[in-house]
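The structure under discussion appears below in the form of C-alpha cells.
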Amino acid sequence: MVHILLVILKIIGIILAVIICLVGLLLFVPFSYDGFVEVQNKNATGFFNIKWIAKIILFRIYEEKKEVLYVLKVFGIPFLKGNLTGEDENKEKSPKDKKNNVDEDEEELVEEDDDDVFEALLRVLKDDSPIHNNDKQPYNDSTSSEEPGESKLDEIKKAIKNFVEKIKALPQKYRELKENINTLKKRAKRLRKILKSKRFKYAFAYSKEILIKLYNHIKPTKLEADFVFGFEEPDMTGKALAVLAVICGTIDVDADKIKIVPDFTEKRFEGKGKIEGKFLLAIVLASAIKIYFKKEVRDVVNGIKRV
C-alpha cells in the first residue's frame, strides 16, 4: 500500500516538475518575431510571425487572396485559425441573424414612410386623377369614378395626419435633445475633473514609465523600410513627412536603413518593409500585472467607466 502511494506521489511530482519546467521555459526563453510587408499598385502582401524555440509555438498573421488570416500552431499542428477581415460572405446566416436583418429592413421601411411627408401631397397634386382632371377622363359609372377619388383623398388625409403628428412631436423631441445635451455636458465635466485630478496624473506617469521600459525591451532589433508616399494635397504630404520624422526619432531606429521618399505630385503609397525582434514573456506579463493591480490605475479606469 505504501509502495503504491509512493509511486503515485512520484508520478505527480514528475508531472509537476515537467509543468514547472515548461512554464519556466515559456517565461524566460525569449520569443522572436519577424514581419514583412510590400505595397505595389495598391495591392499589399505580407506576414507577421511570433515564434518560440524553432517554431515549437508559432503564431502567424498573413495575407492570402486579399484576406488577413491568422493561425496558431504548436509542434506544427494548427490549434487556432481565423479571418481578421470578417466572416465568410458565403457562410449561411443563422435564423437569428436572418430575423435581425428582417427587423432592420422593417425599420428602414418605417423610416422611409416617416421621412418626406409632403411627397404624398406632391404626388397627388401632380397625378392626373379625377379630382383635378375630370374633363380628361372618359365616362364611367359612379362606382368606378368615385374609387380613385376616395383613395386620393385618403392619401391626402394620411399625409396631413402624419404631418400634424410630427408637428405635435417636436416639443417632445426638443426636450429629449436638451436632456441629451445636458447629460453629455455633465459627463464631459466629470471626465475633465478626473483628467485634472492628482490620481490620474500619478496613474498616467506610472503607466507611462512602465510602458516605456516595456517598449525598450520589445522594440525591433532590425527595422528596414523603403517607401514612397504622397497625398492629393502637397501640404498634407509635408505634414505627414514631419510626423514620420518625429516618430523615427522617438523610437530610435537606424536612419540609414529607413528610406521614406515623399511624392508631392500625386497620391501614392508603394514600397516594402521588414522588422525583426525578440522579447521575454515574463517581462511582458510582469509589466501588465504591475499596471493592472496598481490601485490608482484601477481607480482611474473605473472612474472613467462610470462617466
Side-chain angles (χ1 to χ4, degrees), residues 27 31 33 48 50 59 61 68 70 72 80 82-87 93-94 96-97 99-112 114-115 165-220 231 233 235-236 239-240 242-252 277 279-307:
L27 291 176
F31 285 75
Y33 63 86
F48 182 77
I50 298 177
F59 179 74
I61 300 175
V68 181
Y70 67 88
L72 173 64
L80 180 66
N83 190 339
L84 295 176
T85 55
E87 295 183 358
K93 294 183 178 180
S94 64
K96 185 177 180 180
D97 294 336
K99 183 179 179 181
N100 292 335
N101 290 338
V102 171
D103 294 340
E104 291 176 358
D105 294 339
E106 290 178 354
E107 290 177 359
E108 290 178 358
L109 290 174
V110 172
E111 290 176 357
E112 289 177 359
D114 292 341
D115 280 343
E165 289 178 354
K166 284 197 170 186
I167 294 297
K168 290 181 179 180
L170 284 178
Q172 179 63 25
K173 289 184 177 180
Y174 172 75
R175 286 192 293 270
E176 292 176 356
L177 178 62
K178 188 176 180 181
E179 290 177 0
N180 292 334
I181 292 174
N182 291 333
T183 302
L184 290 174
K185 287 182 178 179
K186 291 179 182 178
R187 289 181 176 179
K189 186 177 180 180
R190 291 197 296 265
L191 183 60
R192 284 196 298 268
K193 185 177 180 181
I194 292 174
L195 297 180
K196 291 181 180 180
S197 65
K198 293 182 179 180
R199 185 180 295 272
F200 173 79
K201 292 178 180 179
Y202 174 80
F204 178 78
Y206 178 83
S207 302
K208 180 182 176 182
E209 182 181 358
I210 293 177
L211 291 175
I212 289 175
K213 292 180 179 179
L214 178 61
Y215 168 74
N216 290 330
H217 172 68
I218 67 174
K219 69 180 181 180
F231 295 95
E233 299 179 1
D235 61 330
M236 288 295 297
K239 292 177 181 178
V243 172
L244 289 173
V246 172
I247 294 174
C248 291
T250 303
I251 63 177
D252 189 23
F279 63 91
L280 287 177
L281 186 60
I283 294 179
V284 176
L285 291 177
S287 301
I289 291 171
K290 285 180 179 178
I291 294 175
Y292 180 79
F293 287 101
K294 189 67 175 178
K295 184 179 183 302
E296 289 78 4
V297 176
R298 298 185 68 177
D299 290 343
V300 169
V301 172
N302 292 331
I304 292 175
K305 286 181 179 180
R306 290 193 296 268
V307 170

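Residue numbers count from 1 along this sequence. Being a predicted model, the structure only gives us computed values, none of them experimental.
Scored by the side-chain hydrogen bond (donor to acceptor under 3.5 Å, both in side chains) test, Arg306 finds no partners at all (sequence neighbours excluded). In this structure, the side-chain hydrogen bond (donor to acceptor under 3.5 Å, both in side chains) partners of Lys294, at least two apart in sequence or on a different chain, are Tyr202. Applying the salt bridge (Lys or Arg N to Asp or Glu O under 4.0 Å) rule to Lys213 yields the partners Glu209; only residues at least two apart in sequence or on another chain are considered. Not counting sequence neighbours, the partners of Ala240 by the side-chain contact (heavy atoms from CB on, under 4.5 Å) test are Phe229, Phe231. The salt bridge (Lys or Arg N to Asp or Glu O under 4.0 Å) test applied to Lys219 returns Asp252, not counting sequence neighbours. Among residues two or more places apart in sequence or in another chain, the salt bridge (Lys or Arg N to Asp or Glu O under 4.0 Å) test is passed with Lys295 by Asp299.
In terms of heavy-atom proximity, Ile283 sits nearest to His217 at CD1-CE1, 3.3 Å. In terms of heavy-atom proximity, Leu195 sits nearest to Phe200 at O-CD2, 3.2 Å. Residue Tyr70 comes nearest to Asn83 through the heavy atom pair CE2-N, 3.7 Å, listed as atom of the first residue, atom of the second, then distance. Heavy atoms only, all atoms of each residue included: Lys201 and Lys196 are closest at CE-O, 3.9 Å. Looking at every heavy atom in both residues, Val297 comes nearest to Ser207 through CG2-OG, 3.7 Å. Residues Ser287 and Leu214 come closest through the heavy atom pair OG-CD1, 3.9 Å.
Remark: Tyr33 OH to Ile50 CD1 distance equals 9.0 Å, nearest 0.5 Å. The CD1 atom of Ile210 lies 11.0 Å from the CD1 atom of Ile289; values are rounded to the nearest 0.5 Å. Interatomic distance, CG of Leu280 versus CG of Leu27, reported as 9.0 Å (0.5 Å rounding). The CZ atom of Arg175 lies 10.5 Å from the CG atom of Leu170; values are rounded to the nearest 0.5 Å.
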Requested in this report: Decide side chain to side chain contact (heavy atoms under 4.5 Å, CB included) for Leu211 and Ile291; before the verdict, give the C-alpha distance in whole Å, the side-chain angles of both, and the deciding distance to 0.1 Å.
Outcome: CA-CA 9 Å; Leu211 291 175; Ile291 294 175; 3.9 Å; yes
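Ring geometry for Phe279 against Phe31 counts as parallel: the plane angle stays under 30°, on a 0 to 90° scale with 60° as the upper cut.
Within a 6.0 Å radius of CZ in Phe204, other residues, nucleotides and ligands contribute 12 heavy atoms or fewer. Heavy atoms from other residues, nucleotides or ligands lying under 6.0 Å from CZ of Arg187 number 12 at most.
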